[in-house]
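Have a look at the structure below before the remarks.
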Amino acid sequence: MPSLIPVSNRPFNAETPLEVLPEPLTPIDLFYVRNHFDVPEIDLESYRLTVSGVVERPLTLTLAEIQALPNRTVTTAMECAGNGRLFMEPKPAGTPWELGAVSVASWTGTPLVEVLKLAGIQDDAVDVLFRGADGGTVEQKAIQYERSLSLALAMNADVLLVWAMNGEPLTPNHGHPLRVLVPGWYGMAAVKWLQAIEVLPHAFDGYYQSYHYVYWDDDHAPDGEPLRKMQVRSLICSVGEGAEVTTPVELRGVAWSGHGPVIQVELSTGGDVWKDAELDPPSEPGALQNWHWQWTPPASGEYTFSVRATDAAGNTQPIHHRSNRLGYGNNAVHSLTLNVAE
Ligand SMILES: Nc1nc2c(c(=O)[nH]1)N[C@H]1C(S)=C(S)[C@@H](COP(=O)(O)O)O[C@H]1N2
Ligand SMILES: [Mo]
C-alpha cells in the first residue's frame, strides 16, 4: 500500500508517492501536505468566518451558513511552489521537496464572490486578505499565515471557499473546516483553516505575500515577481530511478499547467531528440492529464529517459531549472535512468 512520504515532522510536511498520481483523484490520505506551522485545532461548533474591512456589512458566518450559499465542485491539481527544490543547484534553503508536492482532488465550495457580495464591497477596496488560524514566530515576530488576492482576482468565480475534498469534509491537515482554492495557482494561495477575510483599501504586504512566494533573481523584475500560476510540468510515475524494466519500455505519467491544458508530452532517450507520447485530455480544466509512451530500444542496457510537456499557451519545460533565491518553480524536465533487461 502506498503511503505519504514524510519530509518534516513539525511542521508536518509530506509528499504524495508519484505512482498514485495517474489516478483520477489523489486519495485524501495520500494528498501532499504543506504546513508552515502546527495544525490549529478548530472546533466546528464555535467556528466562525469573519468578513471585515472596507465592506458595507461586516459578517460573522458559521460553516453551515457558508454551505447554504451557491456552491460547486471542481477537479484541479495543486502543486507546492517548492516542488523539486531538492534537485536545484545550488540547493536553496527551504523544505527539501523531491517531486511529490503535487496532487489532484475534487473540491467543493462556495465561490468567494458570493460571500463578498453578501458583505458588499466598498469603492475603495483594493485587496482581499485571507488569514489562516495557524501561526508562529518568524524572525522574532508573531505572525499568522496570510495571503491576499487583488479585488479583480477575488471576484473571479473560480476562486472558492472549500469545505470538501473528494466528497469528504476537509481533514485537519488540509484546512478543516474551510480553505481557499485558486485553481491553476501554486498552492500557497490556497489558505487553509480560513478564519478571516479582510477587504483592504491598499495592497497587502505580508511575509508570505511580499517576501516568500516571490521569485527573487535577476531574470525577473528587480523587486521580485510574486508567484502565481503553476508552470507546465510532467512526471514519470510508473517507475522510479534505477528500476529494471523490460522491452518494449512502457512509461506512464502525468502532466499539468496552470496556463491551460497540456497539448504535448514528449520523451527523449538522449540528445535533443524528442518523440511524442500519447496524451489524454484533462477530465476537467486543471486536472492532471495522463500520458503513456512505448519504445523498443536497439539493445538492452542503461538508458536515461526524460519527459517534457508543452501547454496551450506555448510554454515548454526547460532542460535546466531557472535559479531563484528561495527555490520556487523548478519545472525542469523529469529524467530517470533505467535498466532495460533483455
Ligand atoms: N493557513 C495555511 N494555509 C496554507 C499553508 C499554511 O501553511 N497555512 N500552506 C500553503 C502552501 S505553501 C501550500 S502548497 C498548500 C498545501 O495544501 P495541502 O497541505 O492541502 O496540500 O496550502 C497552502 N495554504
Ligand atoms: Mo507550497
Side-chain angles (χ1 to χ4, degrees), residues 4-8 10-17 20-21 25-42 47 49 76-86 92 94-107 109 129-136 138 143-149 159-166 168-197 206-209 211-215 226-231 256 258 288 326-331:
L4 270 179
I5 303 159
V7 177
S8 69
R10 279 196 75 186
F12 180 65
N13 285 297
E15 308 201 6
T16 300
V20 306
L21 288 179
L25 299 176
T26 308
I28 293 165
D29 58 346
L30 298 179
F31 197 103
Y32 84 94
V33 179
R34 174 36 173 150
N35 295 335
H36 289 74
F37 305 104
D38 286 343
V39 172
E41 267 179 49
I42 299 179
Y47 173 78
L49 172 70
T76 64
M78 184 183 292
E79 182 188 18
C80 181
N83 197 23
R85 180 181 286 129
L86 188 67
T95 309
W97 299 106
E98 295 198 18
L99 293 168
V102 58
S103 301
V104 59
S106 81
W107 312 88
L129 169 68
F130 307 98
R131 180 173 304 123
D134 56 329
V138 174
I143 60 170
Q144 282 177 270
Y145 190 85
E146 295 175 320
R147 293 272 315 174
S148 76
L149 290 173
V159 178
L160 299 183
L161 302 180
V162 159
W163 61 79
M165 269 170 92
N166 300 355
E168 302 286 333
L170 290 179
T171 59
N173 264 321
H174 297 294
H176 171 86
L178 194 69
R179 78 179 301 174
V180 179
L181 176 72
V182 184
W185 283 40
Y186 284 114
M188 76 274 148
V191 177
K192 302 193 275 189
W193 313 294
L194 184 65
Q195 187 180 58
I197 296 176
Y207 186 76
Y208 297 107
Q209 185 79 21
Y211 174 58
H212 270 254
Y213 303 109
V214 173
Y215 292 114
L227 276 77
R228 295 187 185 93
K229 291 176 179 178
M230 297 182 288
Q231 300 193 71
W256 71 96
L288 297 178
L326 298 178
Y328 297 126
N330 173 8
N331 70 329

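Note that ligands are numbered from 1 as they come in the structure, with each ligand's atoms numbered from 1 the same way.
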Pairwise, report which nitrogen or oxygen atoms of ligand 1 are under 3.5 angstrom from protein nitrogen or oxygen atoms, and how far apart they are.
unit_1, atom_1, unit_2, atom_2, d
ligand 1, 1 (N), D134, OD1, 2.7
ligand 1, 1 (N), D134, OD2, 3.3
ligand 1, 1 (N), K192, O, 3.0
ligand 1, 3 (N), K192, N, 2.8
ligand 1, 7 (O), H36, N, 2.9
ligand 1, 7 (O), H36, ND1, 2.7
ligand 1, 8 (N), D134, OD2, 2.7
ligand 1, 9 (N), R34, O, 3.3
ligand 1, 17 (O), R179, NH2, 3.0
ligand 1, 19 (O), R34, N, 2.9
ligand 1, 19 (O), K192, NZ, 2.5
ligand 1, 20 (O), H174, ND1, 2.6
ligand 1, 20 (O), R179, NH1, 2.7
ligand 1, 21 (O), Y32, O, 2.6
ligand 1, 22 (O), R179, NH2, 3.3
ligand 1, 24 (N), A190, O, 2.9

Exercise. Are side-chain heavy atoms of R179 and F130 found at a separation under 4.5 Å?
Worked result: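 Counting from C-beta outward, R179 and F130 never come under 4.5 Å.
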Problem set entry | Heavy-atom side-chain proximity of H212 to Y328 below 4.5 angstrom |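 Of all side-chain heavy-atom pairs linking Y328 with H212, at least one is under 4.5 Å.
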Problem set entry | Close aromatic pair by centroid cut-off 6.0 Å: F31 and W107 |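 Distance test on ring centres: under 6.0 Å, yes.
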Exercise. With a 6.0 Å cut-off on ring centres, are Y145 and Y208 close enough?
Worked result: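 Ring-ring flag for Y145/Y208: true, centres closer than 6.0 Å.
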Problem set entry | salt bridge (Lys or Arg N to Asp or Glu O under 4.0 Å) pairs, two or more places apart, involving residues 30-40 |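 Passing the test, one end in residues 30-40: R10-D38.
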Exercise. At what distance, to the nearest 0.5 angstrom, does CG of N13 lie from CD1 of I5?
Worked result: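 N13 CG to I5 CD1: 13.5 Å, rounded to 0.5 Å.
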